[in-house]
Amino acid sequence: MIDIIKKALPENSMTAQDPTKFGTFGGVFTPCVLTILGVIMFLRFGEVVGQSGIWYAIVIILAAKSITLLTAFSLSAIATNVRMKGGGAYFLISRSLGAEFGAVIAVVFFLAQAVSVAMYIIGFTEAFKDTFPDTGLSTFQIASIVNLITFVCVYIGAGWTIKVQYGIFVLLLLAIGSFFIGALGDISLDNFTTNIEPSFRDNDNLFTMFALFFPAVTGIMAGANMSGDLRNPSKSIPKGTLWAIFFTAIIYILMGFLLAGSRSQDQLLGNAMIVKEISVSGALIVGGVFAATLSSALASMMGAPRILQAFARDNIVPSFRFFAVGSGKTDEPKRATILTFAVAQLGILLGDLNAIAPIISMFFMITYGTLNLACFYEGWVGNPSYRPRFRFAHWSVSLLGAVSCVVVMFLMNPLWAVVSIIIMVVLYWLISSQEVLSRWGDLKSGRAYEAARKALLALEQQSYHPKNWRPSILVLSGSPTSRPHLAEYGQWLASGQGIVSIAQIIPAAGNHTIERRQEAENRIRKFIREEGLQAFPVVVSDDGISSGLKTILQAHGLGAFKPNTVMMGTTTNKERWGEYCESIRIAARKQRSILLCDCVEERQSWEPPQGRIDILWKGEKHGALMLLLGHLLKRNPEWRTRQLRILATLPTGRPADKYQKGIEDLLNIARIDASVHVFSGDNDDVIIAKRTGNTAVLFMPFEPPTNDEEEASFYDKVTMATRMTADVILVYSAGGVCFEA
């Protein structure tokens with residue numbers, strides 16, 4: 001066993017010897033052992049053995065210890081992968097799963113530890129009343145006095161409390177030794193035989209006994225909770241926690257056999273102080289009970305405030321900031337200690353050890369399960385930064401621990417399990433709705449990266465089909481703040497179904513090019529954030545717009561996530577017209593669809609112009625893309641009530657009704673609702689002039705100019721579009737879209 005633990009732990013650890021901080025034995029092993037060997041062992045373990053029978057009792061011990069061992073492995077892995085600070089489980093979970101999960105665990109685990117104080121004090125009170133029945137004080141009064149004494153001890157400081165625990169530890173070992181000696185003298189085969197078979201009372205079963213016993217093994221976080229007070233947390237937490245688990249497991253197993261062999265089943269069930277009766281020294285057992293319960297209460301009273309203090313200092317929920325203040329050289333969380341005392345006092349009001357224990361079990365299960373989940377994600381996502389020095393770290397072990405916690409929660413009490421999960425979900429929703437920004441790295445980006453990596457690789461292996469066409473729009477906006485409506489239309493046309501990239505081409509600036517690119521990219525990021533866009537920034541440095549666009553189209557994107565559509569503004573500047581047309585030709589040669597957008601700049605941001613969505617129909621070549629873009633535009637809340645209309649010129653020699661019926665059939669195939677209006681005897685200019693008086697945006701097809709003559713004609717077309725009162729989007733389709741898809 002010694003060799004296994006040594007091999008699992010880090011070989012070397014360099015740390016300064018701070019005399020105000022604690023080592024492995026005093027800071028981890030002792031608090032863990034004193035919390036594990038507590039009130040349940042002395043006052044309820046006899047009932048567990050009596051009702052369950054010895055073999056089921058051993059199963060309960062091993063199952064409980066297996067869960068805590070798996071959790072300890074996860075705890076050790078994360079503790080040896082980060083530079084530990086105060087906060088214990090909260091610190092580890094928040095730095096892995098994110099601030100929101102960490103905040104939920106901070107609340108739940110704080111309450112678990114604070115209510116545990118009440119459980120241990122109630123156990124002490126039961127033993128005290130049994131030993132001194134004529135005190136004249138009620139159970140509530142005694143428990144309240146003990147809670148106050150515990151609070152005062154912790155309020156003075158952790159250093160003094162740790163020293164007191166050394167004496168308690170010795171007394172506890174003497175009490176256990178006294179029980180072992182007494183039980184060995186009373187062992188009989190008859191007693192052992194009566195305790196083989198279970199004898200569950202009404203409403204009790206194996207899982208209720210597990211729920212009653214499980215708090216007896218939940219002290220494994222006592223050392224981790226002191227992480228801010230340890231000289232070397234990454235070494236002390238794994239070593240001290242694992243030693244405490246194995247040491248206490250041996251004691252519980254031996255104690256189970258001795259209880260079963262030294263007393264009959266009826267005696268075990270009828271006497272809460274059966275351990276005292278068996279022991280050779282009742283006084284030592286009474287002292288042991290007092291020591292175990294008080295030490296466990298002290299450990300929980302020390303741990304809970306440190307969790308709350310660490311959570312408050314992260315400032316995730318500003319209203320908790322009050323508890324971030326520390327006192328003295330050792331930074332004692334005295335404000336949080338006062339709150340812990342108050343919560344414990346509320347728990348004392350319940351006054352029933354059997355009622356409190358299952359609730360605490362559920363709280364601890366949630367914490368352990370989340371800690372295992374954090375370690376699982378760390379290993380499964382495979383961030384290069386995940387390099388734990390704990391050698392038994394593997395995501396499969398952590399996953400088993402997380403699943404075990406969830407399964408056991410439902411086996412113990414399905415109703416409380418559901419309620420606990422609902423509370424977790426509600427807390428997570430409330431905290432995440434505040435748009436928490438953590439100041440540390442967590443697994444969100446790692447999980448997203450891994451999911452994106454796998455999706456990209458899977459997508460790369462799929463053959464393209466028009467059914468899967470989505471808009472991936474490169475918005476060539478220049479400085480986005482000068483033409484914000486281009487970015488708006490990019491977002492509207494993507495409609496949450498595609499990808500938008502906001503691109504800017506800046507001139508080269510010699511040695512300052514990198515800095516200028518970074519500044520421009522930061523400005524675009526700020527614009528994206530302030531406008532609430534779902535977009536990516538792209539900045540390239542080049543001597544011209546057309547050559548810069550060529551660079552972007554060749555380099556931007558990854559796999560199937562390359563832009564398939566280029567959106568540009570319109571211009572009537574004749575000095576730049578040649579380069580403007582060349583940019584359009586480059587996009588067309590690169591097989592990108594093109595959108596040339598002319599917007600009415602006077603309107604308010606994100607307020608579309610009033611009117612219909614009109615499409616100038618010139619056939620299926622560009623019509624399929626225009627119709628799909630119009631449909632996507634209507635899916636936005638701002639455009640949802642707008643009418644989609646097809647405007648078509650009747651070709652010479654074609655019957656109007658058949659031509660209209662043909663377009664309507666195409667709409668049916670495309671499963672898009674739109675009205676069709678066919679006009680005869682008019683050319684496009686007349687239709688536009690007469691039929692677009694109530695148009696919000698007009699989609700018009702165009703062909704990229706290929707020579708000087710076509711450039712001149714195209715100039716007239718663009719000029720006409722800029723003179724319209726509606727927004728105009730000129731559309732060139734590079735293909736990839738069809739009505740049947």
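Between F124 and F290, the distance from one ring center to the other falls under 6.0 angstrom.
Going from atom CD1 of I421 over to atom CH2 of W416 covers 13.5 Å, rounded to the nearest 0.5 Å. With rounding to the nearest 0.5 angstrom, the OG1 atom of T340 is 9.0 Å from the CD1 atom of I307. Here the CD1-CG distance, from I251 to L258, works out to 11.5 Å after rounding to the nearest 0.5 Å. A distance of 5.5 Å separates CG of L230 from OG of S236, quoted to the nearest 0.5 Å. In this structure, CD on E47 lies 12.5 Å from CG on L259, to the nearest 0.5 angstrom. Between the CD1 atom of I61 and the CD1 atom of I253 there is a distance of 6.0 Å, given to the nearest 0.5 Å.
Under the rule for a side-chain contact (heavy atoms from CB on, under 4.5 Å), the partners of L137 that lie at least two apart in sequence or sit in another chain are T135, Q141, I142, I145. Taking the ring pair (Phe, Tyr, Trp, His ring centres under 6.0 Å) definition, one finds that F180 meets it with nothing, sequence neighbours left out. For S144, the side chain to side chain donor-acceptor pair (under 3.5 Å) partners are Q345, not counting sequence neighbours. Applying the side-chain contact (heavy atoms from CB on, under 4.5 Å) rule to I250 yields the partners L254; only residues at least two apart in sequence or on another chain are considered. In this structure, T125 has no side chain to side chain donor-acceptor pair (under 3.5 Å) partners at least two apart in sequence or on a different chain.
With hydrogens and angles disregarded, no donor-acceptor distance shorter than 3.5 Å links the side chain of S116 to the backbone of S300. Looking at N195, its side chain does come within 3.5 Å of a backbone N or O of R263 through a donor-acceptor pair. Side-chain atoms of T80 come within 3.5 Å of backbone N or O of A77 as a donor-acceptor pair. Formation of a donor-acceptor pair under 3.5 Å by the T208 side chain with backbone atoms of N205 is found in this model. Of the possible polar contacts, none joining the S279 side chain to the K276 backbone as a donor-acceptor pair under 3.5 Å is found.
Considering only heavy atoms from C-beta on, T337 stays 4.5 Å or farther from M302 through its side chain. No side-chain heavy atom of L339 sits under 4.5 Å from any side-chain heavy atom of P305. By the 4.5 Å heavy-atom criterion applied to side chains, K65 and T248 are counted as neighbours. Using a 4.5 Å cut-off on side-chain heavy atoms (C-beta onward), T241 and L75 make contact. Using a 4.5 Å heavy-atom threshold, the side chains of D204 and R201 count as touching. Side-chain contact between Q113 and R306 is absent, with no heavy atoms from C-beta onward closer than 4.5 Å. You'll find the side chain of F410 reaches within 4.5 Å of the side chain of V418, heavy atoms only. Two residues are said to be in side-chain contact when any heavy atoms from C-beta on lie closer than 4.5 Å; F207 and V408 fail this criterion.
Scanning all heavy atoms of the two residues, the minimum distance from I121 to A143 falls at CG2-O, 3.4 Å. Considering every non-hydrogen atom in both Y166 and G26, the closest pair reads OH-CA, 3.2 Å. When all heavy atoms of I220 and Y368 are compared, the pair lying nearest together is CG1-OH, 3.4 Å. Of all heavy-atom pairs spanning Q309 and G326, the tightest one is NE2-CA, 3.5 Å. Residues F45 and G256 approach most closely at CE2-N, 3.7 Å, considering heavy atoms. Between A114 and A304, the shortest heavy-atom contact is N-CB, 4.1 Å.
The only member of N147, V146, V343 that meets side chain to side chain contact (heavy atoms under 4.5 Å, CB included) when paired with V117 is N147. When F213, F246, F247 are each tested for a ring pair (Phe, Tyr, Trp, His ring centres under 6.0 Å) with Y252, only one passes: F213.
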Going through the checks in order, is the side-chain contact (heavy atoms from CB on, under 4.5 Å) test met by F169 and F29? CA-CA 11 Å; F169 183 71; F29 178 79; 3.9 Å; yes

Quick one, F109 with F364, criterion ring-ring contact (aromatic ring centres under 6.0 Å, His included). Give me CA distance, side-chain angles, the key distance, then yes/no. CA-CA 7 Å; F109 198 38; F364 277 106; 5.7 Å; yes

Which is it for T35 and Y120 under the side-chain contact (heavy atoms from CB on, under 4.5 Å) test, yes or no, and what are the steps along the way? CA-CA 9 Å; T35 308; Y120 298 130; 3.5 Å; yes

The test is side chain to side chain donor-acceptor pair (under 3.5 Å); show your working for K239 and S76 and say whether it passes. CA-CA 8 Å; K239 186 175 181 179; S76 302; over 6 Å; no

Please walk me through it: do L69 and L242 pass side-chain contact (heavy atoms from CB on, under 4.5 Å)? CA-CA 7 Å; L69 181 61; L242 290 173; 3.8 Å; yes

side-chain contact (heavy atoms from CB on, under 4.5 Å) evaluation trace for S199 with Q51: CA-CA 5 Å; S199 179; Q51 288 206 50; 6.0 Å; no

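Using cut-offs of 30° and 60° for the angle between ring planes, the F341 and F151 rings count as tilted. Ring pair F323/F320 is tilted by interplanar angle, where 30° to 60° counts as tilted. Between W55 and F257, the ring planes lie perpendicular to each other; the angle is over 60°, past the 30° to 60° tilted range.
Under a cutoff of 6.0 Å and an axis angle of 45°, K334 and Y155 form a cation-pi pair. Note that R335 lies in the cation-pi zone of F322, set by a 6.0 Å cut-off to the ring centre and a 45° limit from the axis.
Side-chain contact annotation: N372 with T71, donor-acceptor N/O pair under 3.5 Å present. Side chains of N232 and S234: a donor-acceptor N/O pair is present below 3.5 angstrom, by distance only. Inspection of the S178 and S281 side chains reveals no N or O donor paired with an N or O acceptor under 3.5 Å.
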N/O donor to acceptor pairs below 3.5 angstrom from side-chain atoms of residues 266-275, sequence neighbours left out:
{"unit_1": "Q267", "atom_1": "OE1", "unit_2": "S264", "atom_2": "N", "d": "3.0"}
{"unit_1": "Q267", "atom_1": "OE1", "unit_2": "S264", "atom_2": "OG", "d": "3.2"}
{"unit_1": "N271", "atom_1": "OD1", "unit_2": "M273", "atom_2": "N", "d": "2.9"}
{"unit_1": "N271", "atom_1": "ND2", "unit_2": "E277", "atom_2": "OE1", "d": "3.0"}

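Around atom CZ of F128, more than 12 heavy atoms belonging to other residues, nucleotides or ligands sit under 6.0 Å away.
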